[in-house]
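The structure appears below as structure tokens.
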Amino acid sequence: MSKLLKLGVLKYFKPPSVLKTNIARTSSTVTRVCSCGSYVHNIKRRPKEQQTYRQQTQLSCSTTSNSVNNSELSVNKYEEISEETLQSLSDKFDLLAETKDCDPEYDVAYADGVLTIKISDKWGTYVINKQLPNKQIWLSSPISGPKRYDFTNGTWIYSHNGGSLHQLLTEEISQALSDDIDFSDCEYSNR
């Protein structure tokens, strides 16, 4: 975790247990966090409203964290599935370099649970990585921005729109390479 702090990845993230502690210690101000855990603001409350608001906020924080922490996926199974997913995607991106007309800047690197794909200087770079604490795969796209995928019904799903990781890559990489690219043959796609 300290490695992530040095990289700035956890700069704005506070685990729900820290948030509960901050809420309980505050007397006239309560802290509220959006579902992504990165936006925090303080709200003044009158004393008799504080207890109810604390309970509601703690409930919503624990509900958000439980949806991730209480998944049926064990740590070992998550590691296995996420590794197979990223390795399969890495192989697919490597194959694209051999079979498609890619930019000279096109580059694929996979190490330590982080897959980096540079499409071109013009298009940008994709980063896909494991997030063990949340049992998620995170994607940073130069086109659609950051997304967090949960393993649901055998594939990686973005809960905000119900789209899969493989669907998004199929759409964006097809556009980037001006060719039909299909990621449905990769591991854990929603074929």
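Small disclaimer: the values here were computed from a predicted structure and weren't measured. Hydrogens, waters and symmetry mates are skipped; everything else that's a heavy atom, side chains included, is used.
Rounded to the nearest 0.5 Å, atoms NZ (K118) and OG1 (T125) are 6.0 Å apart. Atom OG1 of T170 and atom NZ of K92 lie 7.5 Å apart (nearest 0.5 Å). The CD atom of E171 lies 11.0 Å from the CD1 atom of I173; values are rounded to the nearest 0.5 Å. Rounding to the nearest 0.5 Å places OH of Y106 at 11.0 Å from OG of S120. Atom NE2 of H160 sits about 10.5 Å away from atom OH of Y149, to the nearest 0.5 Å. With values rounded to the nearest 0.5 angstrom, L177 atom CG is found 8.5 Å from W123 atom CH2.
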| field | Evaluation steps, side-chain contact (heavy atoms from CB on, under 4.5 Å), between N129 and T116 | value | CA-CA 9 Å; N129 63 292; T116 306; over 6 Å; no
| field | Residues K135, V75; criterion side-chain contact (heavy atoms from CB on, under 4.5 Å); working and verdict | value | CA-CA 8 Å; K135 296 181 187 170; V75 171; 4.3 Å; yes
| Verdict with reasoning, D103 to I119, per side-chain contact (heavy atoms from CB on, under 4.5 Å) | CA-CA 7 Å; D103 190 270; I119 302 297; 5.9 Å; no
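Distance alone, capped at 3.5 Å, places no donor-acceptor pair between the H166 side chain and the D185 backbone. Of the possible donor and acceptor atoms, one in the side chain of S174 sits under 3.5 Å from a partner among the backbone N and O of I181. Although no hydrogens or angles enter the test, the distance criterion places no donor-acceptor pair under 3.5 Å between the side chain of S88 and the main chain of C186. Formation of a donor-acceptor pair under 3.5 Å by the Y110 side chain with backbone atoms of I117 is not found in this model. A donor-acceptor pair under 3.5 Å is formed between the side chain of N161 and the backbone N or O of G163.
By the criterion of side-chain heavy atoms lying less than 4.5 angstrom apart, applied directly or through intervening Ile, Leu, Val, Met, Phe, Trp or Tyr residues, L132 is grouped together with L73 in one hydrophobic cluster.
Surrounding CG of D101 are at most 12 heavy atoms belonging to other residues, nucleotides or ligands under 6.0 Å away.
Across every non-hydrogen atom of I137 and W156, the tightest pair is CD1-CE2, 3.5 Å. Across all non-hydrogen atoms, the minimal contact from G113 to L86 is O-CD1, 3.6 Å. Nearest heavy atom pair, residue C102 against residue A97, reads SG-CA, 3.9 Å. Residues E172 and I143 come closest through the heavy atom pair OE1-CB, 3.7 Å.
For D150 and T152, the side-chain atoms include no donor-acceptor pair closer than 3.5 Å. Neither side chain, E80 nor N76, offers a donor N or O lying under 3.5 Å from an acceptor on the other.
Using bins of under 30°, 30° to 60° and over 60° for the plane-to-plane angle, the ring pair F151/Y188 lands in the perpendicular bin.
Across L168, L165, I128, a single residue satisfies side chain to side chain contact (heavy atoms under 4.5 Å, CB included) together with K147, and that is L168.
By the 4.5 Å heavy-atom criterion applied to side chains, E187 and L89 are not counted as neighbours.
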